[in-house]
*Asks:* 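This is the structure I have questions about; it appears just below.
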Amino acid sequence: MNPAAPKQADPPTPLLEAHRLCKNFGGVRAVQDISLTISAGTVFAIIGPNGAGKSTLLNLLSGVYQPDAGEIRFAGLDLVGLPAHRRVRHGLARTFQKIRLFKQLSVLENVLAGYHTRHSIPPLQYLLHGAAFRADARRCRAGALDLLEFVGLAHRAAVPAGSLAYGEQRLLEIARALATSPRLLMVDEPAAGLNGAEVAALLRRIANLRERGVTIVLVEHNMDLVMTLADRILVMDYGERLFEGAPGEVQAHPEVIAAYLGAEAL
Amino acid sequence: MSKTSPNAAAQSRERRVWYLIAAVIVAALPLFVTDSYWRTNLIVCALNILLAIGLDFVLGYAGQLNLGQSAFYGLGAYSSTLLVLKLGLPFWAAFAIGTLMAGAAGALLSFFAVRLRGHYLAIASLGFAVIIYQILLNWISLTQGPLGIYGIAPPPTVAFPGLPQIAFGDLRNLFYLTAGFTLIVYVLLDQMVHSPIGETLTAIREDEVSAASLGIDGPKWKAFAFAVSSAAAGAAGCFYAPLVGTLVPDAFFVSESFMILAMVIVGGMGTLVGPVFGAVLLTILPEFLRSLGDMRLIIYGASVTLAVLFMPGGIVEAFHLLRHRLFPEGEMR
């Protein structure tokens with residue numbers, strides 16, 4: 001994969017824009033004055049040391065938290081005040097840093113739950129299943145199995161999600177989020193706890209998703225993954241924006257190196 | 001992927017066969033049970049099943065511990081009876097209003113308890129049950145308090161042209177009415193839990209934040225589950241009043257909520273069929289223990305405790321384990 005720097009030459013249409021977002025928890029300024037513009041069809045990475053506010057930013061974008069100040073616009077729509085579940089219908093999906101699968105449900109059932117907003121069943125057929133109900137069930141099942149195929153978990157469809165290996169659970173979270181048919185997918189540290197081969201497979205899949213037109217927001221510590229995939233990188237530290245640029249620029253930036261390696265490295 | 005879809009169709013057909021078997025059992029029971037004492041017990045069974053499957057819908061599927069079931073039961077019983085007595089409404093109109101009122105009260109309770117879960121929701125719903133009990137006891141001008149309401153008439157006789165009249169003073173007919181209604185509610189709930197609604201409710205039970213990330217509106221669906229659950233209890237109450245003919249607040253004391261909870265747990269929560277067995281067992285068992293006097297309470301309590309300790313998945317899980325042991329090859333069907 002090429003770090004696709006040339007893409008930035010002519011500014012593409014922004015899909016997600018945030019302007020001067022702030023979020024405090026008591027006295028802690030978790031996110032301070034963050035602005036960003038994410039273009040459709042790109043991979044936007046957010047990096048920074050632990051506690052830099054990356055996950056809080058993701059929670060603001062996905063609606064788990066509401067910002068204290070600032071604006072968020074998604075494809076022209078004002079997202080501030082919109083709860084998380086409503087944002088899903090507009091095409092935002094996410095995974096969680098701390099895995100939050102439905103552990104007692106099967107792998108397939110986890111993905112099927114992701115079809116919540118996409119059923120087309122006449123209300124009465126929920127009470128008495130008819131032809132339309134069965135057609136919908138077939139459609140969702142086939143789609144869910146395709147998604148499991150995509151993340152390489154089709155052979156595990158029937159086992160409880162809680163019995164999957166750690167890396168598999170991360171992939172299942174991605175498949176479940178994809179079931180909502182997102183235009184923008186936010187993945188929170190998808191490579192955490194994965195081995196080298198798994199990271200390579202994850203990289204291929206995220207690249208594949210971008211080719212399918214899904215815009216990706218990637219919060220990640222694995223620098224190889226970020227530098228290979230990202231079109232644009234936002235570096236955060238202490239809740240603030242430290243730098244934003246293409247991968248090459250980020251790697252060369254002295255303040256970024258300082259934040260990661262300590263000031264002595266300069 | 002094509003191998004799983006015919007499977008789903010087969011399961012759907014299999015469910016319909018079970019509905020039919022249940023209907024045959026309901027139709028046949030009064031032929032074997034002829035004395036009025038046991039017929040009354042059968043009707044009580046049907047009402048307890050209605051209460052238990054209603055509770056299981058909100059507890060076993062949506063994962064919300066509702067200890068207010070006794071209050072919704074009482075709301076249905078008192079409101080339908082009072083609508084008939086004080087306003088002269090026909091029984092079936094009162095039945096519909098009583099059921100809807102209990103359902104609305106459930107949705108309202110869920111709405112106010114939206115930030116509560118687990119133990120906190122349990123305490124809030126328990127508080128609600130205590131409040132309703134106290135209202136029934138103390139609003140004497142309306143409910144006659146501990147004196148009770150007497151002489152409640154059975155549902156009005158139904159007459160279809162060309163057929164013999166169906167009088168509900170007859171216990172056999174009252175059984176068909178209550179058991180038939182319970183069976184219909186069972187079928188509707190069973191269809192719902194095997195639809196995307198079931199997926200949605202279990203997603204909320206497992207992890208609400210995660211469910212929201214899939215577009216699921218947790219508070220709305222919890223209110224829905226609460227409304228369905230409490231409406232079922234309300235309907236049971238509407239039938240209870242004409243069955244017993246007498247209403248006293250003590251019939252809807254908080255302990256009734258725990259009885260219903262025991263039926264769900266002993267049967268196996270999160271499976272709709274489990275609470276049916278739980279309700280039948282815990283309704284009939286005390287009748288057999290009646291000759292033991294007060295000892296029966298000890299035996300009853302001990303058996304519930306042992307059931308919870310040694311088969312936490314209830315009767316349904318015990319059945320699956322037994323089948324697995326007898327037929328170790330696995331799926332026999």
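Within every chain, numbering begins at 1; the chains are lettered A, B, ... in the order of the sequence lines, protein sequences first and strands thereafter.
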*Asks:* Quick check on T180(A) against chain B: is it the side chain, the backbone, both or neither that has a heavy atom closer than 4.5 Å?
*Replies:*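 For T180(A), the side chain is the part near chain B, not the backbone.
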
*Asks:* At a heavy-atom separation under 4.5 Å, does A113(A) approach chain B through its side chain, its backbone, both, or neither?
*Replies:*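 For A113(A), heavy atoms of backbone and side chain both lie under 4.5 Å from chain B.
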
*Asks:* Name the member of Y126(A), Y115(A), F133(A) that forms the most heavy-atom pairs with chain B at distances under 4.5 Å.
*Replies:*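 The residue among Y126(A), Y115(A), F133(A) with the greatest pair count is Y126(A).
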
*Asks:* Go through K103(A), R89(A), H119(A) and name the one with the most non-hydrogen pairs under 4.5 angstrom from chain B.
*Replies:*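 Looking at each option in turn, the highest pair count goes to H119(A).
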
*Asks:* Can you measure from CD1 (I260(B)) to CG (N66(B)) and round to the nearest 0.5 angstrom?
*Replies:*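 Nearest 0.5 Å value for the CD1-CG distance: 9.0 Å.
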
*Asks:* Does any N or O in the side chain of S195(B) come within less than 3.5 Å of the main-chain N or O of I197(B), such that one atom is a donor and the other an acceptor?
*Replies:*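 Yes, the answer is positive, given that a donor and an acceptor are paired below the 3.5 Å cut-off.
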
*Asks:* Taking all non-hydrogen atoms of both residues into account, name the closest pair between K23(A) and T56(A) and its distance.
*Replies:*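 K23(A) and T56(A) have their closest heavy atoms at CG-CG2, 4.1 Å.
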
*Asks:* In terms of heavy-atom proximity below 4.5 Å to chain B, should L148(A) be classed as side chain, backbone, both, or neither?
*Replies:*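 Neither part, no heavy atoms under 4.5 Å.
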
*Asks:* Under the criterion side chain to side chain contact (heavy atoms under 4.5 Å, CB included), which of L101(A), L58(A), I174(A) is the partner of T95(A)?
*Replies:*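 It is I174(A), the one option of L101(A), L58(A), I174(A) that forms the side chain to side chain contact (heavy atoms under 4.5 Å, CB included) with T95(A).
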
*Asks:* For R176(A), is it the side chain, the backbone, both or neither that has a heavy atom under 4.5 Å from a heavy atom of chain B?
*Replies:*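 Both backbone and side chain of R176(A) come within 4.5 Å of chain B.
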
*Asks:* Taking non-hydrogen atoms and a cut-off under 4.5 angstrom, which of residues 163-173 of chain A neighbour chain B?
*Replies:*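 Under the 4.5 Å heavy-atom cut-off, nothing qualifies.
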
*Asks:* Would the number of heavy atoms belonging to other residues, nucleotides or ligands and lying under 6.0 Å from CZ of R86(A) be above 12?
*Replies:*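 Not buried by this count: 12 neighbours or fewer within 6.0 Å.
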
*Asks:* Are the side chain of S80(B) and the backbone N or O of G76(B) linked by a donor-acceptor pair below 3.5 Å?
*Replies:*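 Looks like yes, one N/O pair under 3.5 Å.
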
*Asks:* What are the two closest non-hydrogen atoms of I204(B) and Q64(B), and how far apart are they?
*Replies:*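 Minimum heavy-atom contact is CG2-NE2, 4.3 Å.
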
*Asks:* Hey, could you give me the CD/CD distance between E189(A) and E220(A), rounded to the nearest 0.5 Å?
*Replies:*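 Those atoms lie 6.0 Å apart.
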
*Asks:* How long is the straight-line distance from CZ of F319(B) back to OG1 of T271(B), given to the nearest 0.5 Å?
*Replies:*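 Here the rounded value is 11.5 Å.
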
*Asks:* For residues 68-75 of chain A, give me every residue with a non-hydrogen atom less than 4.5 Å from any non-hydrogen atom of chain B.
*Replies:*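 Counting heavy atoms that sit under 4.5 Å from chain B, no residue of residues 68-75 of chain A is involved.
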
*Asks:* What are the two closest non-hydrogen atoms of P196(B) and I121(A), and how far apart are they?
*Replies:*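 Minimum heavy-atom contact is CG-CD1, 3.8 Å.
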
*Asks:* With a 4.5 angstrom heavy-atom cut-off, is it the side chain or the backbone of E109(A) that approaches chain B, or both, or neither?
*Replies:*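 Neither part.
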
*Asks:* Is the F95(B) ring parallel, tilted or perpendicular to the F239(B) ring (thresholds 30°, 60°)?
*Replies:*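 Tilted: the ring planes of F95(B) and F239(B) meet at 30° to 60°.
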
*Asks:* Centre of F96(A)'s six-membered ring, under 6.0 Å away, within 45 degrees of the axis: is that where NZ or CZ of R94(A) sits?
*Replies:*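 Judged by the rule (NZ or CZ under 6.0 Å from the ring centre, within 45° of its axis), R94(A) counts as positioned above F96(A).
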
*Asks:* Answer yes or no: is there a side-chain heavy-atom contact under 4.5 Å between T215(A) and L16(A)?
*Replies:*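 Contact flag for T215(A)/L16(A) side chains = no.
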
*Asks:* Heavy-atom distance under 4.5 Å to chain B: side chain of H129(A), backbone, both or neither?
*Replies:*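 Both parts, backbone and side chain.
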
*Asks:* Is a side-chain N or O of D56(B) found less than 3.5 angstrom from the main chain of G270(B), in a donor-acceptor match?
*Replies:*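 Yes: the side chain of D56(B) pairs with the backbone of G270(B).
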
*Asks:* Look at S210(B), G218(B), A211(B) and state which one has the largest set of heavy-atom pairs under 4.5 Å with chain A.
*Replies:*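 If we count pairs closer than 4.5 Å to chain A, S210(B) comes out on top.
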
